[in-house]
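So that the names make sense, note that chain A is the first sequence line, chain B the second, and so on, each numbered from 1. Predicted, not measured: the structure shown is a model, and the values here were computed from it.
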Amino acid sequence: MNFNQKVIVLIKKIPKGRVATYGQIASLVSTPRAARMVGGILHRDSEKYDLPWQRVINSKGMISTTCQKHSSNLQAKLLQNEGVKVIKKDNNYFIDLKKYLWREA
DNA sequence: GAGCTGACAATAG
DNA sequence: GCTATTGCCAGCT
């Protein structure tokens with residue numbers, strides 16, 4: 001299985017109401033420093049594979065999307081809709097990882 | 001076909 | 001604790 005496919009499978013495993021970090025996903029596919037790829041995959045294939053891209057954020061718990069189609073505003077909205085508390089700060093959104101970070105199944 | 005860029009994270013200073 | 005550099009692999013130009 002390719003790196004790309006592994007990431008997709010993992011992301012689809014993220015339960016509703018939880019969030020995972022790019023580094024976490026990367027670690028789960030045995031490539032800790034490939035966090036960038038995770039983001040890149042979401043950027044390209046989020047709609048193709050119907051991925052819950054909103055459940056993937058950076059290690060700081062901050063939404064760092066640069067993608068306008070998948071804006072941080074939309075991401076925050078989707079997360080809150082799943083019961084995740086999203087904190088808005090200085091035009092950026094933060095998630096409380098201590099409460100909502102996904103623990104691999 | 002070669003080089004650059006990208007939803008980031010870890011290591012070193 | 002914070003800033004700077006390196007690593008990752010696939011897609012695009």
Which is it for A/K99 and A/K85 under the side chain to side chain contact (heavy atoms under 4.5 Å, CB included) test, yes or no, and what are the steps along the way? CA-CA 9 Å; A/K99 292 181 181 178; A/K85 183 175 67 177; 3.8 Å; yes
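- If you take CG of A/L42 and C1' of C/dC9, they are 14 Å apart, rounded to a whole angstrom.
- Rounded to whole Å, atom P of C/dC8 lies 18 Å from atom CG of A/N4.
- Taking atom CD1 of residue A/I41 and atom P of nucleotide C/dG11, one finds them 8 Å apart after rounding to whole Å.
- B/dC4 and C/dT6: their P atoms are spaced 15 Å apart (whole Å).
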Show your reasoning for whether side chain to side chain contact (heavy atoms under 4.5 Å, CB included) applies to A/W102 and A/R55. CA-CA 9 Å; A/W102 175 51; A/R55 294 177 193 160; over 6 Å; no
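- When hydrophobic clusters are built by joining Ile, Leu, Val, Met, Phe, Trp and Tyr residues whose side-chain heavy atoms come closer than 4.5 Å, directly or via intermediates, A/Y49 is grouped together with A/L78.
- The CD atom of A/Q5 sits 16 Å away from the P atom of C/dC9 (whole-angstrom rounding).
- For A/K12, the NZ atom counts as densely surrounded, since its 6.0 Å shell holds more than 12 non-hydrogen atoms of other residues, nucleotides or ligands.
- At distances below 3.5 Å, at least one donor-acceptor pair connects side-chain atoms of A/T31 with backbone N or O atoms of A/V29.
- Within residues 22-37 of chain A, the residues that place at least one heavy atom under 4.0 Å from DNA chain C are, in residue-number order, A/T31, A/R33, A/R36, A/M37.
- Rounded to a whole Å, the CG atom of A/N2 is 17 Å from the P atom of C/dC8.
- Running 5' to 3' along DNA chain B, contacts with non-hydrogen atoms of chain A at under 4.0 Å begin and end at B/dG6 to B/dT11.
- Other residues, nucleotides and ligands contribute more than 12 heavy atoms inside 6.0 Å of the CD atom of A/Q80.
- Put simply, the side chain of A/L42 reaches to within 4.5 Å of the side chain of A/I11, judged on heavy atoms.
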Run the numbers on A/V86 and A/K77 for side chain to side chain contact (heavy atoms under 4.5 Å, CB included), then give the verdict. CA-CA 8 Å; A/V86 180; A/K77 186 177 179 181; over 6 Å; no
